[in-house]
Amino acid sequence: MSENQTAAAKPNHLYLVDGSGYIFRAYHQLPPLTNRHGQPVGAVYGYTSMLWKLAAELDKADGPTHLAVVLDKGSHTFRNDMYDQYKAHRPPPPEDLVPQFPLIRDATRAFSLPCIEEAGFEADDIIATYTCRAVEAGWNVTIVSSDKDLMQLIQPGVDMYDTMKNERRGADYVVGKFGVPPEKLGDVLALMGDSVDNVPGVPGIGPKTASKLITEYGDLESVLAAAPSMKKSKMQENLIEHSDMARLSRKLVALHCEMTLPEPLDDLTLKGIPEEPLRDFLEHHGFKALLNRLGGPAAAVAVAAASAAITSGTPPPPPQIEDAPPIDCSAYETVVTEEALDRWIAAAYAEGIVAVDTETSALDAVSAALVGVSLSTGPNLACYIPVGHGGMDMFAEKPLQLPLDLVLAKLKPLLEDDSILKVGQNIKYDLTVLGRHGITVAPFDDTIVMSFDLDAGQSLAGHGMDEAAKTHLGHTCISFKDVVGSGKNQISFAEAQLDKATAYAAEDADVTLRLWKLFKPRLHQEGATRIYEMVDRPLVPVIAKMEHTGIKVDREHLSRLSSEFTDGIARLEGEIHALAGQPFAIGSTQQLGAILFDKLGLKGGKKGKSGAYSTDVTILEKLKAEGSEISGKVLDWRQLSKLKSTYTDALQQQINAQTGRVHTSYSLTGAQTGRLSSNDPNLQNIPIRTETGRQIRHAFVAEPGNVILAADYSQIELRLAAHMADVPALKEAFANGEDIHNRTAEELFGEVNRDTRGRAKTINFAILYGISRWGLASRLEISADEAQDMISRYYERFPGISVYINETLEKARARGYTETLFGRKTWFPRIRASIQHERQGAERAAINAPIQGTSADIIKRAMARMGPALEKAGLPDVKMLLQVHDELVFELPESDVEAASAIIRDTMAGAAEPAVKLSVPLGVEIGTGPSWGAAH
DNA sequence: ACCCTCACG
DNA sequence: GACGTACGTGAGGGTA
């Protein structure tokens, strides 16, 4: 063979594409595109672009002569037989990715490329085996992947190619990243472990230490052998104690290259890519940018550039806010003619997106009148359409404005158009207001919810408009007070001057659209799209509807209770003053402290920086137990005062005059963990724990012929803790339907009685909240040492809990946030604070957040599915009224109770699926009655 | 505006 | 050695 011939023949070069790895990366880095059939295809598009890019390599001198796409098949592999925890904590793929898997195979076929999958082996092993065979045959190999495990295969003639970063990687890359050459990478990976795949490794050893040890001693076995003679340290202890886990890890990370080739090497020869099937595929999914390029070199350059940007892993550049002109309130238009209104609507259609904000006469979305609507289609392109200025007085002088009905009729098609995205800041409010005028706004995005899903817990990110504008745009919004004044002189927005109203309202729309342009790409980049699109956004109209429906409250019942409480308060007041020997304001903690501790000489020291006496319930209970009569009476007085002022009196005020019902407002961004909060009035803290308080719940009633149905998740947070921390004894107890506190008492104390069950319950909750021995000690009235013993026993009996706590804290420290099972992030900026109690507070909150947040995610999913589920079951008259964290309250015709109970139970119990498969059942308890009180 | 207290999960 | 101790909320009343 002459030299000439060797040089002329293109050397065999096998490209092995890690399809599975690619799909996940593409999914997270690309927007959630949908094709015209409504299928999610974001990951498919990314994948297709990647194949396209590889196809372009065909023509290169050192390009592929052979190629195979390798995919994972099934989830059980020989590694699971080796170690049952392998990849055990990996969440199932996102709901909108699952339907894309078959499409990935379609895409591969469209390129006429061989696709290889083999049950029992991971894609990595298939790639490893092909690599070995090809190297033996003297071929070059390129592995198209960014997986660190596969980097073990890099050797002369074998490199890796990251299409998203457009980077080729050889041995130098591995040395730079891990400090060791590829052949020693397996030893390093075994020591450091992998939390994603759940490869255990050795605790406390990360990439740095692992690479140092391997460099020093040569390989894993040598490190383990040398461990006993190393300097004494935590690391040395861990190396000895976990040497078995390290060896197991070594086997788990090793790539298997002895499997039988599913297809012989020669069958992977590239024969070119026929255009026909590819064109069909691209057309079917509407991948126009690629179609244009298929058409030939004449295709538009701009299109190709846009597509290239996506292929390299960068999302299409979002409109940069830096490029946008600064906010200029003088640029806004007041729309008072039909022509101008039409012009703005046309602009919205041209952009495909419009920010919308409504202004009303009051804050209450259920009964306030619509005063105006603002729109924005781009930076400084915003208008205000007044419709209700001058108020409702027919004879009052009014500014020139378009009639309400005309404006609504013109806006309705735009606001309901499937192809136009409407953006609002707290759009729940606008959905309610516009819904009352027969407009169903869709599709929509809500910047307050987007901000929350990105930045919950970030101390400098307020989610409200004014704070968000300051933080993200560096802009100070016109304050509401500048428009309507404040205090006694405050006027309704309907009374505001048109120029001021325009500047204020149009600015809100302008800011909202600018915020959207910042948040939208961030959602994808930061992995928040899933929680936003699958949980929180769908909830917005559901909550709007609940708020609008409200709940009927029996005013007479409340009024009767108020009188009873007044009598009780007056009687107690007399007795307390008599015992004190003087009248004083019982509600004043200052005066009460002076009476109890100075005048009557009771024990109970000062507390807090203010130097004031503490007189809270724990102190008064203690004094009462020591025989102080006055303390007991103050406690009774406090209970009645609280019930009267906060509930029986205030709630009567909150009954809406038009509907006769109470309409709370839920905040989707109120609680850092993802819970809802309820305000004006708060209907999530209606009394139930005491009999006196419970009477208030009887005032929440159903309309005649209807009943109230209350459905509670039973012990949902403990169940989630059992699942997330993987605690066998707790999971078993829940699976068997046991009383969980009894089971805990049995495990901890060996016997179950009222006392041990009560203590067990306290400890169970302590675990959820991030325990400290002092806290537990004071709750159980034992010493800190005894509390510590109890905690240790708990950890022993329920292995998994302490691991969960440590892992959660480590992740929180490393990344700054925790995550729920559904991917909701909560940030903890204080987790690394140098002030101890601040840091410890953040740690306790971080332990609790994944559990409380997952519970919140689950009930939110149940709520979003409830309407359609009831509708489908032919139960349109069942109304969802309230959510109280683990409880949903409904009002429904008596005749629907049986059928609705089944649907509600199933929807709630199954709400985690299919996104998350829990290893414990979710229990749902349902009760019905004429009132909320009776339904429990 | 802030603290304390207390209602709920 | 002192600190202050369970997670997440919202509302009312007193005080400065």
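Just so it is clear: chains get the letters A, B, ... in the order the sequence lines come, proteins before strands, and each one is counted from 1. Computed from a predicted model, the values in this text were never measured in an experiment. Side-chain atoms are counted along with the backbone in the values below, which use heavy atoms only and exclude waters and symmetry mates.
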With sugar-phosphate taken as primed atoms, P, OP1 and OP2 and all else as base, the protein-contact string of nucleotides 9-16 of chain C at under 4.0 Å (heavy atoms; B, S, -) is SBBSSSSS

Within the modelled atom types, does a donor on one side and an acceptor on the other bring the side chain of A/Arg779 and the base of C/dA6 under 3.5 Å apart? yes

Should the pair [X]-[Y] be classified as a salt bridge under the 4.0 Å nitrogen-to-oxygen rule?
X	Y	answer
A/Glu575	A/Arg571	yes
A/Glu891	A/Lys552	no
A/Arg560	A/Glu564	no
A/Glu717	A/Arg675	yes
A/Asp755	A/Arg759	yes

Main chain of [Y], side chain of [X]: is a donor-acceptor contact present, judged purely on distance under 3.5 Å?
X	Y	answer
A/Lys470	A/Gly462	no
A/Arg793	A/Leu748	yes
A/Lys624	A/Leu635	no
A/Arg905	A/Val924	yes
A/Asp455	A/Gln458	no

Using atom [atom1] of each nucleotide, how far apart are [N] and [M] to the nearest Å?
N	M	atom1	value
C/dC3	B/dC6	P	24 Å
B/dC3	C/dT5	P	14 Å
C/dA6	B/dC2	C1'	24 Å
B/dT5	C/dG4	P	15 Å

Rounded to the Å, how far apart are [X] [atom1] and [N] [atom2]?
X	N	atom1	atom2	value
A/Ile763	C/dT5	CD1	P	21 Å
A/Leu683	B/dG9	CG	C1'	14 Å
A/Gln836	C/dA2	CD	P	14 Å
A/Tyr666	B/dC8	OH	P	16 Å
A/Leu635	B/dC6	CG	P	7 Å
A/His837	C/dA6	NE2	P	13 Å
A/Leu592	B/dT5	CG	P	9 Å
A/Ile619	B/dC4	CD1	P	13 Å

Let me spell it out: for each of A/Ala845 and A/Gly775, pick the nucleotide of DNA chain C with the closest heavy atom. Which residue's pick is nearer the 5' end? A/Gly775

Counting heavy atoms from C-beta on, name the nucleotide in [options] closest to the side chain of [X].
X	options	result
A/Ser772	B/dT5, C/dC7, C/dT5	C/dT5
A/Gln639	C/dG8, B/dC8, B/dA7	B/dA7
A/Ile688	B/dG9, C/dA6, B/dC6	B/dG9
A/Pro687	B/dT5, C/dA6, B/dA7	B/dA7

Where along residues 926-936 of chain A does a heavy atom come under 4.0 Å from DNA chain C, residue by residue in number order? none

Can you see if the side chain of [X] gets near the phosphate of [N] - specifically, an N or O under 4.0 Å from OP1 or OP2?
X	N	value
A/Arg844	C/dC7	yes
A/Arg689	B/dC8	yes
A/Arg773	C/dT5	no

Under 4.0 Å, heavy atoms only, any strand: does [X] hit a base, just the sugar-phosphate, or nothing?
X	value
A/Ile771	nothing
A/Thr826	nothing
A/Ser641	nothing

What base-paired stems does DNA chain C take part in, with at least 3 consecutive Watson-Crick or G-U wobble pairs and both distances under 3.5 Å? B:1-9 with C:7-15

Ring-face cation contact, A/Phe565 with A/Lys644, 6.0 Å cut, 45° max: no

For A/Arg537 and A/Asp453, run salt bridge (Lys or Arg N to Asp or Glu O under 4.0 Å): C-alpha distance rounded to whole Å, both residues' side-chain angles, the deciding distance at 0.1 Å, then the answer. CA-CA 10 Å; A/Arg537 188 178 62 185; A/Asp453 287 344; over 6 Å; no

Between A/Ala671 and A/Phe452, the two heavy atoms sitting closest are O-CZ, 3.2 Å

